[in-house]
Amino acid sequence: MQYIDPHIHMVSRTTDDYEAMRAAGIVAVIEPAFWMGQPRTSVGSFQDYFNSLVNWERFRASQFGIKHYCTIGLNSKEANNEALAEQVMDLLPLYASKEGVVAIGEIGYDDQTKAEDKYFRQQIELAKELKLPIMVHTPHRDKKNGTIKSMDVLEEHGVSPSMVVIDHNNEETVKDVLDRGYWAAFTIYPNTKMGNERMVDIVKQYGSERIIVDSSADWGVSDPLAVPKTASLMKERGVSKEDIHLTCYKNALDVYGQSGQFNEADWLKEITIEEKELLNGNSVLRGQEFVKKTYSNIIKN
């Protein structure tokens, strides 16, 4: 079985992670723009970061047989620096229209401040203008109220729930999200947010419709193999093959495929990689012996 990880921060991960992910069956990833662990101090740092998402990471992933896509947005935490946020908002339309950008995100609330609300709404309007899906970051604190508020705002702006992924769900939020017609994504972290066993229980209770499993692996304690590991546990616990396929592959393809940028044909073929390829004069191997690799991505469910 092949997998998509539709929320993973590969800029924080190593090439060893890419190799392990490909060996585990991950064929495509989506990397959302996010907070880097400390505040950025100038618009140029955002520009360099966005450039890495649409250029270098796409190339680096390709060297391991993985198709890389991204989302572009101003994260909620840094929306509170309004002087800088205004400059970032000017950048977003330039990057959101680039090849491989499948959504505006991850956007939403952190502390649920007025500034966060202001830029959340502006980015919702940008997504509508570009006809892109939206990836919503739900707050870690006061999550249920923040999640409900996010959906209320989206509906004020006339966004169809079918175009929105509400991420970082848990048992407290999932019913509200599904009842209102949104896609419900779950971050599988080893120690916080949503564990593998809890995820299996949710799929058993709610089924697979509009439910998405992702890793959100980043610079903290996290697991880039969370999607295939959760799929394996689902199988062990008696979840159907169809439900595993939907939650760990097909649902992500359906929602982000609405961008016109996320197509199964991009990876559902034999991929031959010439590791001598360079991007701006740089290779992933850095002087090691170049080899040719062939990956067969035929899906067998």
Side-chain angles (χ1 to χ4, degrees), residues 6-13 29-62 67-139 150 153-154 157-159 163-168 216 218-219 255-256 258-262 279-280 282:
H7 187 144
I8 185 168
H9 302 289
M10 292 309 301
V11 69
S12 308
R13 311 304 305 191
V29 298
I30 298 173
E31 178 160 4
F34 84 134
W35 185 57
M36 295 293 287
Q38 65 180 26
R40 281 169 273 226
T41 58
S42 69
V43 70
S45 59
F46 276 93
Q47 188 168 17
D48 290 340
Y49 173 58
F50 294 155
N51 278 330
S52 74
L53 294 184
V54 299
N55 288 302
W56 171 248
E57 278 308 321
R58 282 174 65 80
F59 171 72
R60 191 162 74 107
S62 74
K67 288 292 184 179
H68 179 284
Y69 306 83
C70 70
T71 74
I72 293 292
L74 169 66
N75 73 84
S76 53
K77 206 173 187 70
E78 290 175 295
N80 291 294
N81 181 342
E82 291 197 63
L84 182 54
E86 288 295 332
Q87 298 177 68
V88 176
M89 290 302 301
D90 290 337
L91 280 181
L92 294 186
L94 304 177
Y95 286 92
S97 298
K98 289 188 179 292
E99 182 181 0
V101 177
V102 301
I104 298 297
E106 52 185 299
I107 62 175
Y109 295 109
D110 181 48
D111 285 324
Q112 301 182 54
T113 64
K114 289 183 178 179
E116 292 169 13
D117 186 71
K118 172 183 175 181
Y119 294 110
F120 181 33
R121 291 174 183 274
Q122 287 186 17
Q123 292 181 92
I124 290 170
E125 287 301 315
L126 176 61
K128 288 173 60 180
E129 178 184 340
L130 298 176
K131 297 181 172 58
L132 284 175
I134 297 171
M135 179 190 288
V136 173
H137 167 92
T138 53
S150 299
V153 169
L154 287 158
H157 285 260
V159 178
M163 291 290 285
V164 181
V165 176
I166 307 290
D167 214 334
H168 307 310
S216 193
D218 56 17
W219 30 255
V255 62
Y256 293 111
Q258 295 176 101
S259 67
Q261 292 282 338
F262 195 58
L279 180 69
N280 299 325
N282 190 23

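FYI, side chains are in, hydrogens and waters are out, and symmetry mates aren't considered; it's all heavy atoms of this structure. Source: prediction; values computed, not measured.
- The minimum heavy-atom distance linking I104 with A127 is given by the pair CG1-CB, 3.7 Å.
- Applying the salt bridge (charged side-chain N to carboxylate O under 4.0 Å, His left out) test to residues at least two apart or on different chains, the pairs with a partner in residues 95-108 are R58-E99.
- For T71, the side chain to side chain donor-acceptor pair (under 3.5 Å) test picks out no residue, with sequence neighbours left out.
- Considering all non-hydrogen atoms of both residues, D218 and R13 come closest at O-NH1, 2.8 Å.
- In this structure, F34 and S12 have side chains that are in contact, with non-hydrogen atoms separated by less than 4.5 Å.
- In this structure, S76 contributes its side chain and I107 its backbone to no donor-acceptor pair below 3.5 Å.
- A ring-ring contact (aromatic ring centres under 6.0 Å, His included) check over residues 74-112, counting only residues at least two apart or in different chains, returns the pairs F50-Y95, Y109-F120.
- Separating the CG atom in D167 from the OG atom in S150 is a distance of 11.5 Å, to the nearest 0.5 Å.
- Between Q122 atom CD and M89 atom CE the span is 4.5 Å, to the nearest 0.5 Å.
- K118 places no side-chain N or O within 3.5 Å of a backbone atom of E82 that could act as its donor or acceptor partner.
- Between E57 and C70 the shortest side-chain heavy-atom distance does not fall below 4.5 Å.
- Residues passing the side chain to side chain donor-acceptor pair (under 3.5 Å) test with T113, sequence neighbours excluded: N80.
- Counting only residues at least two apart or on different chains, the salt bridge (charged side-chain N to carboxylate O under 4.0 Å, His left out) pairs with a member in residues 70-81 are R40-E78, K77-D110.
- The two residues V43 and L84 make their nearest non-hydrogen contact at N-CD1, 3.3 Å.
- Annotation: side chain of I72 is not in contact with side chain of L132 (no heavy-atom distance under 4.5 Å).
- Atom OG1 of T41 is separated from atom CZ of F46 by 9.5 Å, given to the nearest 0.5 angstrom.
- Taking CG from D90 and CD from Q47, the interatomic distance works out to 11.5 Å, rounded to the nearest 0.5 Å.
- Q261 places a side-chain N or O within donor-acceptor distance of the main-chain N or O of G100, the cut-off being under 3.5 Å.
- The NZ atom of K131 sits 9.5 Å away from the CE atom of M163 when rounded to the nearest 0.5 Å.
- For D111, the salt bridge (charged side-chain N to carboxylate O under 4.0 Å, His left out) criterion is met by R141, not counting sequence neighbours.
- Qualifying salt bridge (charged side-chain N to carboxylate O under 4.0 Å, His left out) partners for D117, counting only residues two or more places apart in sequence or in other chains: R121.
- With sequence neighbours excluded, no residue forms a ring-ring contact (aromatic ring centres under 6.0 Å, His included) with Y119.
- Applying the side chain to side chain donor-acceptor pair (under 3.5 Å) rule to Y256 yields no partners; only residues at least two apart in sequence or on another chain are considered.
- The closest donor-acceptor contact from the side chain of E31 to the backbone of V11 lies under 3.5 Å.
- A heavy-atom distance below 4.5 Å is not found between the side chains of V165 and P133.
- Among all heavy-atom pairs drawn from A79 and A85, the shortest one is O-CB, 4.0 Å.
- A pairwise comparison of heavy atoms in W35 and P39 identifies NE1-N, 3.8 Å as the closest pair.
- Ring orientation note: the planes of H9 and H7 are nearly perpendicular, at an angle over 60° on the 30°/60° scale.
- Not counting sequence neighbours, E129 has no partner by the salt bridge (charged side-chain N to carboxylate O under 4.0 Å, His left out) test.
- Separating the CG atom in L130 from the CD atom in Q123 is a distance of 11.5 Å, to the nearest 0.5 Å.
- Between the side chain of E86 and the backbone N or O of A83, no donor-acceptor pair lies under 3.5 Å.
- In this structure, the side chain of S259 does not engage the main chain of A103 through any donor-acceptor pair within 3.5 Å.
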